[in-house]
Every structure is written in structure tokens, then in C-alpha cells.
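Notes follow the structure.
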Amino acid sequence: VAKRRVFYVCIITQYLMKRKLWMYCAALLVCQSVAAQDSVKQWTLQECLDYALENNIQLQKSRNDYLSGVEDTKMAKAARLPSLSVTSSQGFTNYPSASASFSDSHSGSYGFSSRNSYTGTYGINAGLTLYNGGKLQTAVKRQNLQNQIDALSVEESANDIRVAIVQAYMQALYAREAVEIAINTAKTSEAQRDRAREMFQAGSISQVDLAQLESQYQSDAYQVVVARTSLDNYKLQLKQLLELDITDQIELSVPEINESAVTRVLPDKTQIYATATENMPEIKRGELAVEAADLDIRQARAGFYPSLGLTASVGTGHMSGNHYESGSQIWNRFNENVGLSLSIPIFSNRQNRTATNKARIAAASSRLDQQDLLKTLLREVETAYLDAVSAQSQYVAANEKERYARQSYELTDEQFRVGMKNTVELITAQNEWSAAQQEVLQAKYMALLNMELLNIYQGQPVTTY
């Protein structure tokens, strides 16, 4: 008996130890999971913008295009300086049909003259364009303007990224709150379903009423899944805009947004547009493109003018037969040369005339592009302004609607408990309240989104709520 007791005690002890081990492992996994959730970075809107402007691939490519244009400008400036080059050529010639000759007539020995010849030339050449109708100077000015245009294109790409980030972030915030509303609605439906089961068991309601509330709960639970899927999609869009890795997770830092932030008074629409025309990079880029097109006309017209160039060189060479006589030949053949070259265009098969006419057409098109940019900006500003004002009005009205819809649902719920309202009326009141909450949420973030867009048009930083 004692041995059996000891045996049972050992078995129980081992079981408890194993059970504790599993509990420790489970606790460790839970702690790791919680730690992993806590380690996920909470992204604010400003952090998203800063990260995207630093790491976006398209923006980096735009910066590389700008740097490439800077190199072109350096080359255009260097074209006005003299050119200098060192040349050398070496040659070997064989004369297979050369006749034999005596190499030493006094000694009587016979020999052959060399049938091979080795030649070499060496020179230093310099050149300078003295005049070519102002083409080089115009090219430098054109490249400087192109550098400014490229820099504005980088800023324009950055603005496009700002707009995309703001839209994705606001949509994700909207989806996040929509999930909360869907969860609360599902919890309310679940509570109604549970209470209806008790009422059915007590004989207060029919099985049809219970089935309707069961169906409503399942429908609301499904809407939770739909809302969470929408949130995941918007977070994925934001993650892709940030160029994050597939293993990276992203969570939003939810700001505290007061009602005053949604309904704040906007500046005058005309003032916003005037500020936008001064700050938006595409407008400045269009203006510089017009100036660049005028320079292209000047550069094309330079083809009608003569060009004058200065050349200078020093050189020498040698030629050897039987013996390599480089020393004396190199000195004897040393030469210096200075010259002027003049080219006067008389007939160029209409190349210069066509180039000038096409440059003028391009300049006219650039002016039309500038007008189109101004009209596009006006349309965008007016649309964002109208949407913001409309969303603010809808937000105020939706808040009132939501307040009365909530009161209606609460009264209907109380009357349903005492049998004064049926399930259809209860479900209808609940759906109206849920729809009113969604309208408030939609108007809220529509107003915030368009106000942020107006900030971008005016060159202002994003709002920190």
C-alpha cells in the first residue's frame, strides 16, 4: 500500500509539473503576442508624410532626374571653355616589292635595304568657339531653367504623394471608426437577441419575432467583418504608399478630433486660389516652361548665323627605315599651328527654318499648357472647397439626425420590452440610428480630408489635431 501511494504521488507530481510547464509556455506565448502588438509602430499623419517623402521610389527617381539635369548644365557651361586633347598615332608599313641594293660597295659585301617603315606622330590640339550666334550662352540659360523645372517637378511629385497619403490616412481613420460603430451595433443586436430568447421562453414574443432578431444580429455581425476588411484594405493602401515591407505592420495613431476642428471657418475661396497659384509647383513649372520655350526659339534661330572657331596645335613625328632615328627626326619635324575656321550657312535644306518654326509652335503650346494648369488648379480648389463646406453642413445636420435617431431607438427599445412595439419597429429604429452614425462619420472625414487638401494647395503643413 505504501509503495502504491508513493507511485501515485509520483504520477500526480509529474502530471502537475507537466501541467505547469504547459501553463508557463502558454503564458510565455501570450506575453510574446502582447509584446509584439505593443511593438507595432503607431503612425501619425505627419510621420506617414515624412517617411513617404524620404523613401518613396517615384520621388527618388524624380530627384535623380534633377541631378542628371544638373550634370547637363555643367556640361553646357564647360562647352564655352577651350578644348584640349593629346593625339598620337603609330604605323608600320611593309614594302614587299622593294629592290635589292648594295649596302657597302667598298667591302664587296651584299645586303638589302629595309622593306619596312615605322612612323609615328604626336600632337597637342586645342580649340575654342569664338562665336556661333549665341547658341552656347543660350544653352546654358536653357539648362539653368530646366534645372529649376526639374526641381519643381520633384516638389510636384512630393505634393502628389502628400495628397495620396492624406486620402489613404483619412480613409483608414474613417474605416477604423466604422469598425467601432459596427461592433457596437452588433453588441446591441446580440443583447436584443439574448433578451428576445428569454422573452420567447417566457411566452412574451413569438418565434417569428425571435427569428427576426436572430437574423438582425447575424446581419450586424457580418457588417463587422465587412468593416474590418475595408479597414485592412485602406491600411494596405497606406502601407504600399509608404513602401513598407510585406512583414511590416502598420497601426494608426488616432488623433483627438474636436467638433470645432471639423466645423472651423475656411478662408475665402478666392484667397485660397490666389495663394495656391503662388505656392503650387506645377504653376511655377508652367511659367518656367514658357521661358524655356522662348530660349528654344533663340537657340534655333542661332543656326542662321555664322560660326567662328579658333584652333591651335603643336606636333611632331618620325619615320624610320633601317635604323630608328627618332631623336633628330622628332626635333626636325616639330611644328606649331594656329588657325581660324569660319562657317557661313547659306542653304541648309530648310533645317534652320523648320527648327525655328517648330520652336515657336512649341512655345505657343507651352503657353496653352500654362493656362490649362491654372484652370485645372482652379477646378481642384473649387471642388475641394465646395466639398469641405458641404461636408461641414452635412456634419452639423447629421449630428442632429443621429441624436434624434438615438432617442427614437432608445424609446422604441423601452416600448418593445413592455410589448408596445414589435420587432420590425425595433429593428427599423436600430438601423436608422446606425445609418445616422455612419452619416456623421462620413461627413466628418470628408470635411477633414478636403480641408487638408486645401492646406496642401496653400503650401501649409498638415493639421495636428
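Not measured: the values here are computed from a predicted model. Computed from heavy atoms alone, side chains included, the values below leave out hydrogens, waters and symmetry copies.
For residues 116-142, the salt bridge (Lys or Arg N to Asp or Glu O under 4.0 Å) pairs, not counting sequence neighbours, are Arg142-Asp296. Sorted by first and then second residue, the salt bridge (Lys or Arg N to Asp or Glu O under 4.0 Å) pairs with a member in residues 160-185 read Glu155-Arg162, Arg176-Glu180, Glu177-Lys444; sequence neighbours excluded. Identified under the ring-ring contact (aromatic ring centres under 6.0 Å, His included) test for residues 234-265, with sequence neighbours left out: none. Residues in residues 245-301 take part in no ring-ring contact (aromatic ring centres under 6.0 Å, His included) pair, two or more places apart or across chains. Contacts classified as salt bridge (Lys or Arg N to Asp or Glu O under 4.0 Å) and involving residues 353-363 (residues at least two apart or in different chains) are not found.
Here Asn144 contributes atom CG and Asp72 contributes atom CG; the two are 11.5 Å apart, rounded to the nearest 0.5 Å. For the atom pair CZ (Arg264) and CG (Asn258), the distance works out to 11.5 Å, reported to the nearest 0.5 Å.
With sequence neighbours left out, the side-chain contact (heavy atoms from CB on, under 4.5 Å) criterion links Ser83 to no other residue. Legend: residues meeting side-chain contact (heavy atoms from CB on, under 4.5 Å) with Gln46, ordered by chain and number and at least two apart, are Thr44, Leu49, Asp50, Val462. Residues meeting the side-chain contact (heavy atoms from CB on, under 4.5 Å) test with Gln240, sequence neighbours left out: Leu236. In this structure, the side-chain hydrogen bond (donor to acceptor under 3.5 Å, both in side chains) partners of Asn352, at least two apart in sequence or on a different chain, are Ser348. Listed by chain and residue number, Trp43 satisfy the ring-ring contact (aromatic ring centres under 6.0 Å, His included) test with Tyr51 (two or more places apart in sequence, or in another chain). Listed by chain and number, the residues in a side-chain contact (heavy atoms from CB on, under 4.5 Å) with Val290 are Asp294, Ser366, Arg367, Gln370 (sequence neighbours excluded).
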Only pairs under 3.5 Å count here: list side-chain donor-acceptor contacts from residues 377-387, not counting sequence neighbours, and write none if there are none.
from, atom 1, to, atom 2, distance (Å)
Thr383, OG1, Arg379, O, 2.7
Tyr385, OH, Pro267, O, 3.4

- Task: Would you please test Glu287 and Lys284 for salt bridge (Lys or Arg N to Asp or Glu O under 4.0 Å) and show each step?
- Result: CA-CA 5 Å; Glu287 295 173 354; Lys284 297 179 181 179; over 6 Å; no
